Asker: 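Questions regarding the structure given below will be posed in turn.
All of these numbers come straight from a predicted model, not from anything done at the bench.
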Amino acid sequence: YEGLLMTGTEELIQKVEAATGVKRHPTKCKISGPNAIKKKRRPMDPEFFDYMTDNVDWDAEALIGYHKPKFRAVEELKKMKKST
């Protein structure tokens with residue numbers, strides 16, 4: 001997903017066309033350029049972050065380059081609050 005945001009969809013669509021032998025419909029399948037979709041960053045609830053860290057299949061995520069964080073968000077926030 002992040003790769004598509006950075007590079008656009010043209011290369012992916014070309015690969016699908018080559019693999020299937022079917023050309024994209026020129027008006028129903030539009031190509032998006034790099035960063036065509038601007039995703040606004042939102043704050044993430046620390047409990048949700050920790051829940052996802054505990055429940056994601058990290059072997060599957062590693063196949064696309066993600067790795068399990070080595071910290072707990074709730075604990076890190078507590079440390080940050082104590083130091084201020």
Side-chain angles (χ1 to χ4, degrees):
Y1 174 74
E2 289 88 356
L4 288 175
L5 288 178
M6 289 175 42
T7 63
T9 59
E10 185 170 13
E11 182 180 350
L12 174 64
I13 291 171
Q14 289 172 346
K15 288 179 180 180
V16 171
E17 288 176 336
T20 63
V22 177
K23 291 285 184 190
R24 74 177 179 90
H25 190 281
T27 58
K28 292 183 180 180
C29 182
K30 296 182 179 175
I31 292 174
S32 299
N35 295 316
I37 304 167
K38 299 281 184 190
K39 208 58 178 143
K40 187 177 180 180
R41 288 191 175 253
R42 298 174 290 182
M44 185 180 296
D45 179 52
E47 283 95 11
F48 178 72
F49 179 89
D50 289 344
Y51 172 83
M52 291 302 296
T53 299
D54 292 340
N55 292 284
V56 164
D57 180 348
W58 289 107
D59 291 331
E61 295 295 320
L63 296 172
I64 57 170
Y66 291 109
H67 301 286
K68 186 174 183 174
K70 297 179 193 267
F71 65 91
R72 307 287 295 167
V74 172
E75 291 172 13
E76 290 298 315
L77 283 173
K78 286 180 185 176
K79 289 178 193 175
M80 291 170 63
K81 287 179 182 177
K82 284 182 182 178
S83 68
T84 57

Asker: With sequence neighbours left out, what residues match Lys15 under side-chain hydrogen bond (donor to acceptor under 3.5 Å, both in side chains)?
Answerer: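 Partners of Lys15 under the side-chain hydrogen bond (donor to acceptor under 3.5 Å, both in side chains) test: Glu11.
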Asker: Other than Leu63, what residues sit in its cluster of Ile, Leu, Val, Met, Phe, Trp and Tyr side chains whose heavy atoms are under 4.5 Å apart, directly or through others?
Answerer: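 Answer for Leu63: none, a lone residue.
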Asker: For residues 51-58, which side-chain N or O atoms pair as donor and acceptor with protein atoms under 3.5 Å away, sequence neighbours left out?
Answerer:
| from | atom 1 | to | atom 2 | distance (Å) |
| --- | --- | --- | --- | --- |
| Thr53 | OG1 | Phe49 | O | 2.9 |
| Asp54 | OD1 | Arg72 | NH1 | 2.7 |
| Asp54 | OD2 | Arg72 | NH1 | 3.4 |
| Asp54 | OD2 | Arg72 | NH2 | 3.2 |
| Asn55 | ND2 | Tyr51 | O | 2.7 |
| Asp57 | OD1 | Asp59 | N | 3.2 |
| Asp57 | OD1 | Ala60 | N | 3.2 |
| Trp58 | NE1 | Thr53 | O | 2.8 |

Asker: How does the hydrophobic cluster around Val16 look, that is, which other residues are in it when side-chain heavy atoms under 4.5 Å mark a link?
Answerer: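 Members alongside Val16: Leu4, Leu12.
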Asker: Compile the donor-acceptor pairs under 3.5 Å between side chains in residues 75-82 and protein atoms, sequence neighbours left out, one pair per line.
Answerer:
| from | atom 1 | to | atom 2 | distance (Å) |
| --- | --- | --- | --- | --- |
| Glu76 | OE2 | Lys79 | NZ | 3.4 |

Asker: Which pairs pass side chain to side chain donor-acceptor pair (under 3.5 Å) with one or both residues in residues 17-26, sequence neighbours excluded?
Answerer: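 Side chain to side chain donor-acceptor pair (under 3.5 Å) check on residues 17-26 returns His25-Thr27.
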Asker: Hey, does the side chain of Ser32 reach the backbone of Thr9 with a donor-acceptor pair shorter than 3.5 angstrom?
Answerer: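 Answer holds: no.
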Asker: What residues, two or more places apart in sequence or in another chain, satisfy side-chain contact (heavy atoms from CB on, under 4.5 Å) together with Ile64?
Answerer: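 Ile64 satisfies side-chain contact (heavy atoms from CB on, under 4.5 Å) with Glu61, Tyr66 once adjacent residues are dropped.
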Asker: List, by chain and then residue number, the residues other than Ile13 in its hydrophobic cluster (Ile/Leu/Val/Met/Phe/Trp/Tyr, side-chain heavy atoms under 4.5 Å); write none if there are no others.
Answerer: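 Direct or chained contacts put Ile13 with Ile31.
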Asker: Quick test of your reading: applying salt bridge (charged side-chain N to carboxylate O under 4.0 Å, His left out), list the pairs with at least one residue in residues 43-52, sequence neighbours left out, ordered by first then second residue.
Answerer: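 Of all non-adjacent pairs touching residues 43-52, none passes salt bridge (charged side-chain N to carboxylate O under 4.0 Å, His left out).
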